[in-house]
Amino acid sequence: DKGNHRHFMEKEIYEQPEVMSHALSHYVDLADHVVKAEAMAIDFKPLRGLAISACGTAFLAGLIGKYWFERYARLPVEIDVASEFRYREMPLSPDQAALFISQSGETADTLASLRYCKDAGLKIGAIVNARESTIAREADAVFPILAGPEIGVASTKAFTCQLAVLASLAIAAGKARGVINDEEEKELVRHLAELPRIMSHVVNLIQPQMESLSRDLSKFKDVLYLGRGTSYPLALEGALKLKEISYIHAEGYAAGELKHGPIALIDENMPVIVIAPYDRFFEKTVSNMQEVAARGGRIIFVTDAKGAAASKLETMATIVLPDVAEIIAPMVFSLPIQLLAYHTAVFMGTDVDQPRNLAKSVTVE
Ligand code: F6R
């Protein structure tokens, strides 16, 4: 049932504040601001490393998770798409654990990667939406994302709930490994606890602008997304979301890679969507944005209030989100990315919930 929404995808975008609070409350205490035992089902303390593997959007959630585990838990993360991971013949040792992320819990390549790690004697964690799935069954520890059924083929609420779980696990790991102290834990969990309220505010705040901007975006054949730090996987996710439902060719790049190739493509026919909250990477990303502007590129700037005040560059559009803590920025910045792809696809008249050639669950290699 789509309720009063035109598509399941739209319904699932709007459901995020609510399902986010289900996901979070399973792993963190939203009143006392501490991580719960559910986030510690893997013993992170003795680990020398963590391997993460997944496909598509779930892989991009894992890529953001890598930044968090390394930053908040000093835990080195090895990550790859499952179709490569399973064949890489990488050396693994039992002092590593492995995490697999899958909405359906049935993705063939992800399952094969899980079995590969299991054979190597690693402790296996599964971050899944479908708790009765094969991947959940074969894992030692199951971390449900509690997003509820996701019907739209393009993943939205599963992605942000996967991020909520990964952030909670990274905080739990940081605590277990003595990297973050009690005060830091409280501070980080307090930020997570604000997510449902902030996401609900943001989704309503930006909706009209995303709808009108989608009309402009639909006129282009190619779009480039740029980001740095955790905004880099978000740039990849933005490009994936746009291409799969609107069929507009889109690419995501690390902002610093611009001058190593894609800058050759910059002209007025390829808008560049720059994702840049006012974080420790902001100035660097803005200098990449200047390089785009200097070559006549059109910029769609996705930033926050501080970022908008700090940049004087002329843009095709500036999307201003509230200033939020660094650990929750990826979830908050997912919203404009999802809504822009959604409205562009609606405007172009594609089958938003069932894009051509795609399946919700990929059970063959
Ligand atoms: C993109 C999308 C896909 C899935 C991928 C993995 O919007 O939905 O990229 O994320 O096929 O699927 P799961 O998470 O079921 O393993």
Side-chain angles (χ1 to χ4, degrees), residues 7-13 15-16 19 23 52-65 79-86 98-115 117 124-139 142-166 225 233-248 250-252 330 334-335 337-342 344-345 350-365:
H7 300 95
F8 282 108
M9 183 178 177
E10 184 181 49
K11 171 173 177 260
E12 288 158 5
I13 290 172
E15 259 171 20
Q16 287 176 108
V19 292
I52 301 182
S53 183
C55 301
T57 287
F59 164 72
L60 299 174
L63 208 46
I64 293 176
I79 176 163
D80 214 337
V81 290
S83 54
E84 291 299 320
F85 188 103
R86 63 182 292 191
L99 271 183
F100 300 89
I101 310 166
S102 176
Q103 189 284 129
S104 64
E106 301 294 346
T107 300
D109 283 320
T110 309
L111 178 59
S113 299
L114 182 157
R115 289 177 176 159
C117 288
I124 309 293
I127 298 178
V128 293
N129 200 25
R131 292 169 87 161
E132 308 301 320
S133 57
T134 313
I135 287 173
R137 236 180 351 260
E138 297 198 12
V142 179
F143 301 99
I145 64 167
L146 301 155
E150 191 180 63
I151 311 293
V153 163
S155 186
T156 52
K157 62 175 180 171
F159 177 67
T160 46
C161 287
Q162 285 159 354
L163 292 179
V165 175
L166 285 161
Y225 288 72
L234 270 191
L236 298 175
E237 171 63 3
L240 176 59
K241 214 93 297 174
L242 187 70
K243 77 180 78 161
E244 68 180 331
I245 59 171
S246 76
Y247 315 145
I248 293 174
E251 288 192 63
S334 294
L335 294 169
I337 273 162
Q338 295 169 349
L339 280 172
L340 197 55
Y342 171 72
T344 304
T350 61
D351 189 348
V352 175
D353 283 335
Q354 288 285 333
R356 67 185 182 203
N357 311 338
L358 286 172
K360 183 69 185 160
S361 177
V362 182
T363 52
V364 291
E365 210 180 311

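Both ligands and their constituent atoms are indexed starting at 1 by order of listing.
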Which ligand 1 atoms are under 4.0 Å away from a heavy-atom of [X]?
| X | answer |
| --- | --- |
| Gly56 | 9 (O) |
| Ala58 | 10 (O), 14 (O) |
| Ser102 | 13 (P), 14 (O), 15 (O), 16 (O) |
| Lys241 | 1 (C), 7 (O) |

To which protein heavy atom is [atom] closest, and what is the distance rounded to 0.1 Å?
| atom | value |
| --- | --- |
| atom 15 (O) of ligand 1 | Ser104 OG, 2.7 Å |
| atom 14 (O) of ligand 1 | Gln103 N, 2.6 Å |
| atom 6 (C) of ligand 1 | Cys55 O, 3.3 Å |
| atom 11 (O) of ligand 1 | Val362 CG2, 4.4 Å |
| atom 7 (O) of ligand 1 | Glu244 OE2, 2.5 Å |
| atom 12 (O) of ligand 1 | Thr107 OG1, 3.6 Å |
| atom 10 (O) of ligand 1 | Thr57 N, 3.2 Å |

* Structure fact -> Output for pair (Lys360 NZ, Gln103 CD), nearest 0.5 Å, gives 4.5 Å
* Structure fact -> So CZ of Phe143 and CD of Gln162: to nearest 0.5 Å the spacing works out to 14.0 Å
* Structure fact -> Result for side chain to side chain contact (heavy atoms under 4.5 Å, CB included) between Ser83 and one of Asp109, Thr110, Thr107 points to Asp109
* **side-chain contact (heavy atoms from CB on, under 4.5 Å) against Ile337, all qualifying residues, sequence neighbours excluded** => Leu234, Ile275
* Evaluate the criterion side chain to side chain contact (heavy atoms under 4.5 Å, CB included) for residue pair Lys241 and Met9; output intermediate values, then yes/no. => CA-CA 11 Å; Lys241 214 93 297 174; Met9 183 178 177; 4.3 Å; yes
* Report the part of Val153 in contact with ligand 1, treating N, CA, C, O as backbone and CB onward as side chain, heavy atoms under 4.0 Å; options are side chain, backbone, both, neither. => backbone
* Asked: Does one side chain, of Thr160 or Gln16, offer a donor that lies under 3.5 Å from an acceptor on the other?
  -> yes
* Asked: Do any heavy atoms of Ala154 fall under 4.0 Å from ligand 1?
  -> yes
* Would Glu106 count as a contact of ligand 1 if the rule is a heavy atom under 4.0 Å away? -> no
* Please report the shortest heavy-atom distance between Phe59 and Asp80, naming the atom on each side. => CE1-C, 3.5 Å
* Asked: Side chains of Ile64 and Phe159: does their closest heavy-atom pair fall under 4.5 Å?
  -> yes
* Apply side-chain hydrogen bond (donor to acceptor under 3.5 Å, both in side chains) to Glu106 and Thr134, showing your working. => CA-CA 6 Å; Glu106 301 294 346; Thr134 313; 2.5 Å; yes
* Is it true that Glu150 and Lys157 have a side-chain N and a carboxylate O under 4.0 angstrom from each other? -> no
* Asked: Does an N or O from Lys360, backbone or side chain, lie closer than 3.5 Å to an N or O of ligand 1?
  -> no
